[in-house]
Amino acid sequence: MGFLVNIQTLLNQRIQAAMVASGAADDAPALVRQSAKVQFGDYQANGIMGAAKKIGTNPREFAAKVLEQLDLSDIAEKVDIAGPGFINIFLKNEWLGAQLGEQRKSERLDVAVVADPQTVVVDYSAPNLAKEMHVGHLRSTVIGDAVVRTLEFLGHKVVRQNHVGDWGTQFGMLLAYMERLRAQNSKISMALSDLETFYRAAKTCFDDDEAFAARARELVVALQSGDEECLALWNEFIDISMAHCEETYKMLGVSLARQDVMPESAYNDDLENVINELQTQGLLQESDGAKCVFMEEFANKDGEITPIIVQKTGGGFLYATTDLAAVRYRQKVLNADRVLYFVDARQSLHFQQIFTLSRKAGFVEPTTSLEHMPFGTVMGSDGKPFKTRSGGVAKLSALLEEAQERAFQLVASKNPDMAEDEQRNVGRVVGIASVKYADLSKNRTSDYVFNWDNMLSFEGNTAPYLLYAYSRVASIVRRSEIDVSSINAPITIAAEQERALAVKLFQFEEAIQQVVSDGMPHFLCAYLYELSGVFMTFYEACPILAAESGLKESRLQLALNTASTLQLGLSLLGIETLERM
RNA sequence: GCGCCUGUAGCUCAGUCGGAUAGAGCAUCCGCCUUCUAAGCGGACGGUCAGGGGUUCGAAUCCCUUCAGGCGCGCCA
């Protein structure tokens with residue numbers, strides 16, 4: 001039998017029970033955390049002081065009473081009271097070794113599947129199909145995908161929703177330009193092979209040519225009223241643009257597929273219903289000809305309310321309307337328990353409004369959780385939003401090409417003896433991993449600086465460092481010439497470097513729990529970086545292949561568990577590993 | 001004007017939701033390759049956690065306030 005729960009949860013449960021038995025309130029938390037310093041053991045319980053205060057006793061005396069009720073002799077070597085009333089827990093080496101053996105037999109490294117799986121709808125990536133994907137789409141796409149993979153791994157039912165922008169006034173301009181090209185007998189598919197150029201050309205016509213602009217506006221109306229020719233043209237455009245996105249997803253290693261696309265236009269027929277529903281409920285108010293909802297939650301001190309406009313003067317709908325329809329769909333059709341929106345932080349007011357209104361209007365069950373997972377902007381080294389050298393918006397595909405090329409140059413210089421096709425492949429994996437990891441490893445909510453040298457460095461919390469750590473283990477396994485699946489020797493923990501590695505290996509589950517609860521993959525990145533560091537230290541201090549029989553098998557298993565954990569962890573982040581680099 | 005976010009070492013970033021002496025990497029300096037990949041490891045240096053109040057056994061973390069920066073705020077998405 002493996003872990004039922006991770007160590008932290010296990011200790012929490014046991015210590016809390018002991019606290020209650022010693023007279024603490026039923027809900028007094030044990031607050032077990034990884035210890036801040038080695039002298040404080042492996043885990044520390046911080047809840048004693050607070051609980052003692054509540055029942056009016058001396059914290060250290062209370063801690064002593066708790067210890068009398070607490071039996072951790074099966075897993076802990078030593079349990080101490082320290083400082084004002086901390087409990088320090090030192091895990092037992094024998095127990096660590098035995099548990100590691102169990103972990104190695106499990107394909108999922110003993111990480112439990114959640115007991116109560118949820119249906120989690122995740123809205124991420126959502127590029128605007130009018131243009132090509134650019135660097136601004138990186139964060140939503142990469143972070144969303146990592147969270148999706150982690151949720152699925154833990155056993156939740158995930159429904160990906162790629163809420164692509166395929167509707168709106170700008171499409172009139174694009175369709176008008178397609179019409180013009182067609183009239184000139186130009187190949188439309190050729191022109192659309194570079195969407196960025198196409199968009200700029202259309203925009204130039206729109207700005208400079210009055211007749212063109214008028215035609216563009218006509219086409220918007222025609223499109224929205226379902227004109228067949230117009231729709232055919234639009235479909236052609238969308239198809240090509242979507243194919244561009246899919247190419248980028250493939251290069252990036254993102255799990256989004258065509259079936260995950262639920263575009264804005266899919267809600268068109270439901271927008272009228274949303275308005276009617278709001279009307280029926282008396283939530284709607286007309287203001288300057290537009291239909292709005294005024295909610296007191298969004299009033300300032302003077303009572304002035306920032307409304308949501310759901311229908312323009314003249315009848316047009318807005319993205320708020322679409323988002324409301326999407327909430328309804330996600331609740332009523334997809335049966336979401338939780339909906340996560342990986343969308344730019346600048347839209348946080350918008351989402352607060354949508355969420356508040358959705359609750360008021362009963363579009364979601366009270367128990368359904370709607371969570372905006374905002375993220376900051378990617379900045380250049382000048383501290384301003386990231387641009388190309390020429391000052392334009394960086395196309396994502398071009399950025400990824402550059403990453404692969406830079407990584408290839410690096411590999412070729414460090415490892416000139418490797419065959420070129422392998423260097424290319426290493427360059428591809430390292431390049432893509434570096435871009436993704438640089439993004440994933442930073443706290444989601446803050447802006448971050450895009451810097452080639454930092455992300456491609458082999459030092460520090462970077463993808464190349466992690467991939468290198470993994471390839472070192474792979475190299476040892478190759479050289480050992482042992483059929484690793486047949487190893488059955490016990491794992492013995494003696495050296496401090498072995499011990500540090502063993503403890504760290506158990507904390508994988510704690511890291512991925514944080515990823516799903518907060519939608520923040522950087523917790524997993526930090527964990528994998530620490531694991532790699534602890535492994536490197538172990539690797540330097542503890543010879544594996546040269547060790548005596550028995551010890552060799554024991555250490556080899558520690559290395560194998562490290563490899564499995566790195567590979568699984570990186571795969572949850574959407575990052576490939578390399579056996580050689 | 002109102003609201004949201006951010007401010008931690010020279011630089012890039014963490015800080016497990018109120019816990020013990022605030023941590024990494026880069027840069028700088030000093031060590032370690034006849035032994036499993038030195039793309040590595042060990043060590044040193046470096047801090048008024050933007051400033052000021054408050055809450056309490058305890059605050060980078062919570063509250064108030066000032067300053068600096070970013071972003072939003074009725075018919076774009």
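Each chain gets a letter, A, B and so on, in the order the sequences are listed, and its residues count up from 1.
- Here B/G15 presents its C1' atom at 12 Å from NZ of A/K37, a figure rounded to the nearest Å.
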Checklist entry - Just by protein heavy atoms under 4.0 Å, how would nucleotides 69-77 of chain B read 5' to 3' in B, S and -? => result --S-SBBSB
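- In this structure, A/E405 places its CD atom where more than 12 heavy-atom neighbours from other residues, nucleotides or ligands lie under 6.0 Å away.
- Distance check on atom C1': B/C62 versus B/G25 gives 31 Å, rounded to whole Å.
- A/S471 comes within 4.0 angstrom of a base, heavy atoms only.
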Next on the checklist: Could you walk me through whether A/Q567 and A/T577 satisfy the side chain to side chain donor-acceptor pair (under 3.5 Å) test, starting with their C-alpha distance in whole Å, then the side-chain angles of each, then the deciding distance to 0.1 Å, before giving a yes or no?
Outcome noted: CA-CA 6 Å; A/Q567 186 164 44; A/T577 46; 3.1 Å; yes
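- Within a 6.0 Å sphere centred on CD of A/Q39, other residues, nucleotides and ligands contribute more than 12 heavy atoms.
- Distances shown here put every side-chain N or O of A/Y470 at or beyond 4.0 Å from the OP1 or OP2 atom of B/A39.
- A stacked arrangement is assigned to A/F40 and the six-membered base ring of B/A20, with a centre-to-centre distance below 5.5 Å and an interplanar angle below 30°.
- Both distances falling under 3.5 Å, in either a Watson-Crick or a G-U wobble arrangement, occur for no nucleotide opposite B/C45.
- Side-chain nitrogen and oxygen atoms of A/S446 include at least one within less than 4.0 Å of the OP1 or OP2 phosphate oxygen of B/A14.
- By the rule that a glycosidic angle within 90° of 0 means syn, B/G42 does not qualify and counts as anti.
- For B/C33, the base is syn relative to its sugar; the glycosidic angle is within 90° of 0.
- An OP1 or OP2 oxygen of B/C36 is reached within less than 4.0 angstrom by no side-chain nitrogen or oxygen of A/K552.
- The residue from A/W234, A/F237, A/F317, A/Y267 that alone fulfils the ring-ring contact (aromatic ring centres under 6.0 Å, His included) condition with A/W167 is A/W234.
- Pair assignment for B/G74 gives none, since no Watson-Crick or G-U wobble pairing has each distance under 3.5 Å.
- Each of A/F355, A/Y319, A/Y341 was scored for a ring-ring contact (aromatic ring centres under 6.0 Å, His included) with A/H350, with one residue passing: A/Y319.
- The partner of B/A68 is B/U6, judged by Watson-Crick or G-U wobble contacts that both fall below 3.5 Å.
- Among the protein residues, A/M536 comes within range of the sugar-phosphate backbone only, with heavy atoms under 4.0 Å from sugar or phosphate atoms but none that close to a base.
- Remark: A/R424 qualifies as a cation-pi partner of A/F408 under the 6.0 Å distance and 45° angle criteria applied to the six-membered ring.
- In this model, the phosphate group of B/G15 is approached by a side-chain N or O of A/N443 to a distance below 4.0 Å at OP1 or OP2.
- Remark: ring of A/F86 overlaps the six-membered base ring of B/A20 in a stacked fashion, centroids less than 5.5 Å apart, planes less than 30° apart.
- Under 4.0 angstrom from either OP1 or OP2 of B/C36 there lies no side-chain N or O belonging to A/R555.
- Both distances falling under 3.5 Å, in either a Watson-Crick or a G-U wobble arrangement, occur for no nucleotide opposite B/U55.
- At the phosphate of B/C36, neither OP1 nor OP2 sits under 4.0 Å from any side-chain N or O atom of A/S475.
- Nucleotide B/G25 forms a Watson-Crick or G-U wobble pair with B/C11, both donor-acceptor distances falling under 3.5 Å.
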